[in-house]
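Worth knowing before you read on, the calculation uses all heavy atoms, side chains too, and leaves out hydrogens, waters and symmetry mates. To find a chain, count down the sequence lines: A is the first, B the second, and so on, and within it residues start at 1.
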Protein chains: 2
Amino acid sequence: MTDAELETHYRQYIRCLNERRLDDLGHYVHDKLRYNGVSETRMAYRDRLIQDVAAIPDLYFDVHLLVAHDQTVGCRIFFRCTPQHEWQGWHPDGQTISFAEHVFYRFRDGKIEEVWSLLDRDAIAEQLS
Amino acid sequence: MTDAELETHYRQYIRCLNERRLDDLGHYVHDKLRYNGVSETRMAYRDRLIQDVAAIPDLYFDVHLLVAHDQTVGCRIFFRCTPQHEWQGWHPDGQTISFAEHVFYRFRDGKIEEVWSLLDRDAIAEQLS
């Protein structure tokens, strides 16, 4: 996969998330992966996404910066959304918030096998408190 | 600058930080830049680095993942260090800590003109409290 193909493939993965086609995750994510250093299954990865969109129905992954090279993708994703239910320990009450995620992925054979993600949790906490 | 040249150039910038050659920052950073959405001068950028290494003398920027393409660099930097003095509101007392930074840079004419950085502040807080 060339760098351009990897970028296109990653954007398709993001579209898959935004269109809530979580049954298609198998096209983009290995059965087993590592997330922030911890082994997990794709089903667990999918379950977390399901929880995220249940708490934040308008969650939209907006790619701000994307760098793809040699099986590695780095992405700054921007979110502007309105959490409706408890989410990651926060208790929203209808505020629209915005925050960034900086995330890196290692691909193997065209699928994600490792993820390192940082959320701007300070920004979230400031807006939800 | 090709992607390979950009990667080499960025690694030279990291070496410049690790060797504390902060007077050389002008080779890598524009006079004026934006840092997490806020305009600042290279002198202010340098001053923050000086404060960081004053508080954390053994601060070492260890590149874990690096993606460079088309004037954009994404990097996951890993730190293992022993803060000695107050730093970013934390009051260390001799613990060695480890944490990551996920940072993106936009270059223009071979120099950084914009930075978006997220530190794993939860990990830092957990280890320093």
Exercise. Anything in residues 24-53 of chain A with a heavy-atom distance to chain B below 4.5 Å? Please list those residues in order.
Key: none

Quiz prompt | With Ser98(B) via side chain to side chain donor-acceptor pair (under 3.5 Å) - residues at least two apart | solution = none

Practice problem: Tell me the residues of residues 115-123 of chain A whose non-hydrogen atoms fall below 4.5 Å from those of chain B, in number order. | Solution: Trp116(A), Ser117(A), Leu118(A), Leu119(A), Asp120(A), Arg121(A), Asp122(A)

Self-check item: Cluster check Tyr10(A), Phe78(A): I/L/V/M/F/W/Y, side chain < 4.5 angstrom
Solution: no

Quiz item: Could you give the distance from NE2 (His69(A)) to CG (Leu6(B)), rounded to the nearest 0.5 Å?
Solution: 10.5 Å

Self-check item: CD (Glu126(B)) with more than 12 external heavy atoms under 6.0 Å
Solution: no

Quiz prompt | CZ-OG1 distance between Arg76(B) and Thr72(A), expressed to the nearest 0.5 angstrom | solution = 12.5 Å

Quiz item: Quick one: do Phe107(A) and Phe104(A) end up in the same hydrophobic cluster if we chain Ile, Leu, Val, Met, Phe, Trp and Tyr together by side-chain heavy atoms under 4.5 Å apart?
Solution: no

Quiz item: Within residues 56-67 of chain A, which positions have a heavy-atom distance to chain B below 4.5 Å?
Solution: His64(A), Leu65(A), Val67(A)

Quiz item: Would you say the side-chain atoms of His102(B) pair up with the backbone N or O of His102(A), donor to acceptor, closer than 3.5 Å?
Solution: yes

Quiz prompt | CZ (Arg80(B)) with more than 12 external heavy atoms under 6.0 Å | solution = no

Exercise. Verify the cluster assignment for Val103(B) and Tyr13(B): are they in a single hydrophobic cluster under the rule of side-chain heavy atoms below 4.5 Å apart?
Key: yes

